[in-house]
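Input: a single structure, listed below in structure tokens.
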There are 2 protein chains.
Amino acid sequence: MQNEALATIAVLGGTGKEGGGLALRWAHKGHKVIIGSRTAERAQEAADAMNATLGGGSVVGAANPDAAAQADIIVLAVPYAAQQSTVKDVADALAGKILIDVTVPLVPPKVSRVQLPDGGSAVEAVQKMLGEGVRVVSAFQNISAHHLTKLDEEIECDVLVCADDSEAADQVVALAQEIGLRAWNAGPLCNSVVAEGLTSVLIALNRRYKVPGSGIRITGV
Amino acid sequence: MQNEALATIAVLGGTGKEGGGLALRWAHKGHKVIIGSRTAERAQEAADAMNATLGGGSVVGAANPDAAAQADIIVLAVPYAAQQSTVKDVADALAGKILIDVTVPLVPPKVSRVQLPDGGSAVEAVQKMLGEGVRVVSAFQNISAHHLTKLDEEIECDVLVCADDSEAADQVVALAQEIGLRAWNAGPLCNSVVAEGLTSVLIALNRRYKVPGSGIRITGV
């Protein structure tokens with residue numbers, strides 16, 4: 001089993017804000033991070049920018065399938081519309097690995113309304129596509145990208161981590177804790193409905209109460 | 001429009017723990033509270049016990065339809081299996097009023113798994129049954145009954161309030177604040193998916209981390 005403290009992490013969609021923020025924080029903590037994108041060129045540009053921010057990091061870029069093939073842990077941080085096609089593109093490289101799905105099934109323009117896919121959460125469809133040979137874990141949907149990129153900032157939002165493989169969930173909890181996040185093993189993958197829907201609730205709260213980035217804390221634990 | 005500060009509140013299922021806890025707190029704050037149950041006798045017993053706890057309250061009991069008819073605001077706090085039949089029993093008494101639905105669609109025995117009804121939240125089915133003439137509001141799903149009954153205890157869990165009628169949601173936010181709860185207008189009724197599912201997530205956290213009553217706080221607001 002991989003020790004997550006030494007794992008190589010590929011962030012598919014690492015050119016985007018959320019994936020980029022997570023990649024930056026893991027690279028900052030010494031992980032080997034591979035930015036994945038549809039083209040290797042865009043991925044390398046994002047990696048170069050990240051290394052500049054870090055003052056000499058070792059982040060590299062690759063096309064999504066190559067990034068997934070070279071990593072121990074793969075993070076899926078693409079827009080909802082690209083979720084399933086990206087998973088198909090990299091499926092061959094995922095066997096036996098952990099896939100962390102960050103996808104929030106927002107349906108523009110009404111992003112402050114919870115509009116989950118038929119049958120529940122978006123991540124369950126991914127687990128079904130991939131079968132039991134891939135350990136799919138849902139996490140990080142509620143963390144503001146804005147806060148992630150400020151490396152010294154304490155992030156006032158907990159991470160709900162859901163997976164049918166509870167040990168995989170615990171590994172992702174540890175990966176979240178490494179980058180300064182409070183995280184919880186929140187049960188089976190079907191419980192991801194709450195994390196996926198919560199993003200729309202937080203957007204609704206941001207608009208209603210005119211704040212930039214509401215979040216949640218778990219209490220009593 | 002009713003001033004919620006003076007409203008008479010009927011709590012259907014007020015003989016249960018969650019409804020009883022809410023009823024006790026509102027009665028303690030001076031509201032006229034009517035406990036509703038399937039039989040007037042059981043309701044009156046619960047009301048008498050509540051008055052004894054309060055040291056002379058004015059809580060009364062009635063069969064559910066009578067309780068609903070006499071109240072300005074009706075709280076639905078029955079088990080999920082009785083949700084729709086109870087609504088049918090009292091529907092005639094709800095026109096123009098606020099119905100606060102506290103129902104959590106737990107599916108025993110796996111109550112730590114989110115298992116929402118087809119089509120989304122349980123409360124949306126109630127709004128559809130009743131039509132637009134009743135202002136249905138979802139709230140209080142995540143508040144531990146155990147904490148509610150300890151009148152002096154600060155409850156470390158926020159209330160997510162969802163309704164298609166945003167002004168009705170604001171009234172329920174105020175009713176929650178009256179009894180010492182932090183509460184938020186969390187958007188349209190479909191967003192109740194999160195509050196309803198969150199109860200199973202909190203049960204999962206209670207089991208996993210061996211705590212009696214986890215909750216959530218909204219941050220950054």
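Just so it is clear, the structure is predicted and the values come from calculations on it, not from any experiment. Residue numbers start from 1 in every chain, and the chains themselves are labelled A, B, ... in the order their sequence lines are given, proteins ahead of strands.
Between chain B and the residues A:Gly215, A:Gly187, A:Ala204, the largest count of heavy-atom pairs under 4.5 Å involves A:Gly215. Of the listed residues (A:Cys190, A:Pro212, A:Gly120, A:Cys157), the greatest number of heavy-atom pairs within a distance under 4.5 Å of chain B belongs to A:Cys190. Chosen from B:Gly197, B:Ala186, B:Ser121, the residue pairing most often with chain A at heavy-atom distances under 4.5 Å is B:Ala186. Comparing B:Lys210, B:Glu156, B:Arg208 by how many heavy-atom pairs each has under 4.5 Å with chain A, the most go to B:Arg208. Comparing A:Asn206, A:Leu198, A:Leu160 by heavy-atom pairs within less than 4.5 Å of chain B, the highest count is held by A:Leu198.
Shown here for A:Val211 and B:Val221, the closest heavy-atom pair between the two residues is CG1-CA, 3.9 Å.
For the pair B:Thr219 and A:Ile216, the minimum side-chain heavy-atom distance is 4.5 Å or more.
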Just list the side-chain donor-acceptor pairs under 3.5 Å for residues 9-20 of chain A, sequence neighbours left out, or say none.
from, atom 1, to, atom 2, distance (Å)
A:Glu18, OE1, A:Ala145, N, 3.4

Kindly list each side-chain donor-acceptor pair under 3.5 angstrom involving residues 106-114 of chain A, sequence neighbours excluded, with atom names and distances?
from, atom 1, to, atom 2, distance (Å)
A:Ser112, OG, A:Arg207, NH1, 3.4

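Residues in residues 182-193 of chain B take part in these side chain to side chain donor-acceptor pair (under 3.5 Å) pairs, two or more places apart or across chains: B:Ser138-B:Ser192, B:Asp158-B:Arg182, B:Asp158-B:Trp184, B:Ser166-B:Asn185, B:Asp170-B:Asn185, B:Ser192-B:Glu196.
When the heavy atoms of residues 78-87 of chain A are compared with those of chain B, none of the residues falls under 4.5 Å.
Within the 4.5 angstrom heavy-atom criterion, only side-chain atoms of A:Leu116, from C-beta onward, approach chain B.
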